[in-house]
2 protein chains.
Amino acid sequence: MATPTPTRHRKRGHDPESVLSIAVGVFNERGYDGTSMEDLARALGVTKSAIYYHVPGKEQLLARALDRALDGLFELMADERAASGTAIERLEWVVRQSVRILVDRLPYVTLLLRVRGNSGTEQAALERRREFDRFIGRLVTEAAAEGDIRPDVDPALVTRLLFGAVTSISEWYQPARGASADDLADALLKMAFGGLRV
Amino acid sequence: MATPTPTRHRKRGHDPESVLSIAVGVFNERGYDGTSMEDLARALGVTKSAIYYHVPGKEQLLARALDRALDGLFELMADERAASGTAIERLEWVVRQSVRILVDRLPYVTLLLRVRGNSGTEQAALERRREFDRFIGRLVTEAAAEGDIRPDVDPALVTRLLFGAVTSISEWYQPARGASADDLADALLKMAFGGLRV
DNA sequence: GTCTACTGACCGAATGTTCGGTAAACACTT
DNA sequence: AAGTGTTTACCGAACATTCGGTCAGTAGAC
């Protein structure tokens, strides 16, 4: 009942969406530059040229995937819960939501986190990502100014390390194996905010 | 006085060592697969073919660089200080030393952390890296069993998150800009072991 | 008969690597 | 000091292969 007749008529096969999701999977396995259109064709079960019927090219696939990750992060920034309450409360909420977006859009965020700026597409994505990083940096600095973060550590360092732990999730998390986004966020916040030592 | 006449006679130019260090720099900028031998030649100030006078090929450059990172981590595991004392003390020491190796061999470790297993060389490096990861996992589990880590978080999750923060350092650390390896380790251990909240 | 979703043949450019040649620096003899 | 031979460190051209991408043609659903 969910999608009885999605479009008028279809011969069964691929559409831009399924091509994208499979392509992103291969990009994450072999790296974007290490993936050839031949690799994608093999994963899709069609020939190289069939891909160009659905999408304009390799770099457009990358651009669409990166936007999917970045749009999630920017929606997070625009949420009013990221702007009300004490800085430490907002920071905790933002960390939790970041983990949720990372888990919900795992392959897309994973791809984003590996971008190095080799093309215009990648540089544009990097610039949007840096905007998110600056947003986090401001939150940590505010929380420190409000006296809710221990004063003997540099806020800039804390920002990097805290979100280093968050982004590392994309490198080892396996959704099939139990833990939910909330489990991850709980463990992360307990460690980073409360400390591991008993 | 350091190197008056390193070898008998030399016309000034490159050697395998300088080629490696420059190549690793370019690999980290553009990614290994995104780097062509032409890119390397440009960075070295020679033509493509000159590179093959000093090193056997692109993949050998990668292999040598990855070994340089992995050898550091394996020396750490073999140190007796990683085997004496309580588990939490050993864990703290290993985290601190890992940060030091990461900083000392920054470009090599950075390259290692981005390997995805695209070739035999990469798969071999990944396997050695996993051995180090298992070593860390055992340390955390022991510390939890000895009651020195809060019991309300999964040791496997803690391992990943803690070393996620460590490895993230390679993605943002700039040696020129102040912080030393000890500064990084101090901030990391304060956050992860003591907690950020005052 | 028309549209969808492809295939297969092909293109020019870029890839990692090899090879023949060579100018300069050195060692050795005279 | 001059001449000879060898080694070092490279260049330029070419190699086969792979790359991302194009295009004419077509089988099958409507």
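Since the model is a prediction, treat every value here as computed from it, not as a measurement. Throughout, protein chains are lettered first and strands after them, A, B, ... in sequence-line order, and every chain is numbered starting at 1.
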From the list dT18(C), dT22(D), dT8(D), which nucleotide is the closest neighbour of the side chain of Y53(B)?
-> dT8(D)
Tell me what A50(A) touches on the nucleic acid: a base, only sugar-phosphate, or nothing, going by heavy atoms under 4.0 Å.
-> base
Please determine, for the side chain of H54(B), which listed nucleotide (dC11(D), dG20(D), dC10(D)) has the closest atom?
-> dC10(D)
Ignoring hydrogens and angles, tell me if any N or O in the side chain of T167(B) forms a donor-acceptor pair with the backbone of G164(B) under 3.5 Å.
-> yes
Selected nucleotide, minimal atom distance to K48(A) side chain, candidates dG16(C), dA5(C), dG21(D) = dG21(D)
When rounded to whole Å, the NE2 to C1' distance for the pair H14(B) and dT8(D) reads 14 Å
Any side-chain heavy atom of P155(A) sitting closer than 4.5 Å to one from I149(A)?
-> no
Interatomic distance, D39(B) CG vs dT15(C) P [rounded to whole Å] | 7 Å
What integer distance in Å separates E38(A):CD from dT15(C):C1'?
-> 16 Å
For atom CD of E59(A) and atom C1' of dC19(D), their distance in whole Å = 14 Å
Would you state whether a donor and an acceptor, one from the side chain of S49(A) and one from the base of dG21(D), lie under 3.5 Å apart?
-> no
In whole angstroms, the gap separating P of dG20(D) from CG of N118(A) amounts to 14 Å
NA contact type, S36(B), heavy-atom cut-off 4.0 Å: base, sugar-phosphate, or nothing?
-> sugar-phosphate
Check the distance between dC19(D)'s C1' and M37(B)'s CE and give it to me in whole angstrom.
-> 18 Å
Closest of dG21(D), dT7(C), dC11(D) to the K58(A) side chain is dG21(D)
For Y32(B), is the NZ or CZ atom of R114(B) found under 6.0 angstrom from the centre of its six-membered ring and inside 45 degrees of the ring axis?
-> no
Donor-acceptor side-chain pairing of T86(B) and E146(B) below 3.5 angstrom = no
Check: D79(B) and W93(B) side chains under 4.5 Å, non-hydrogen atoms | yes
D15(B) atom CG is separated from dA9(D) atom C1', nearest whole Å, by 12 Å
Whole-Å gap separating P (dT18(D)) and CZ (R30(A)) | 14 Å
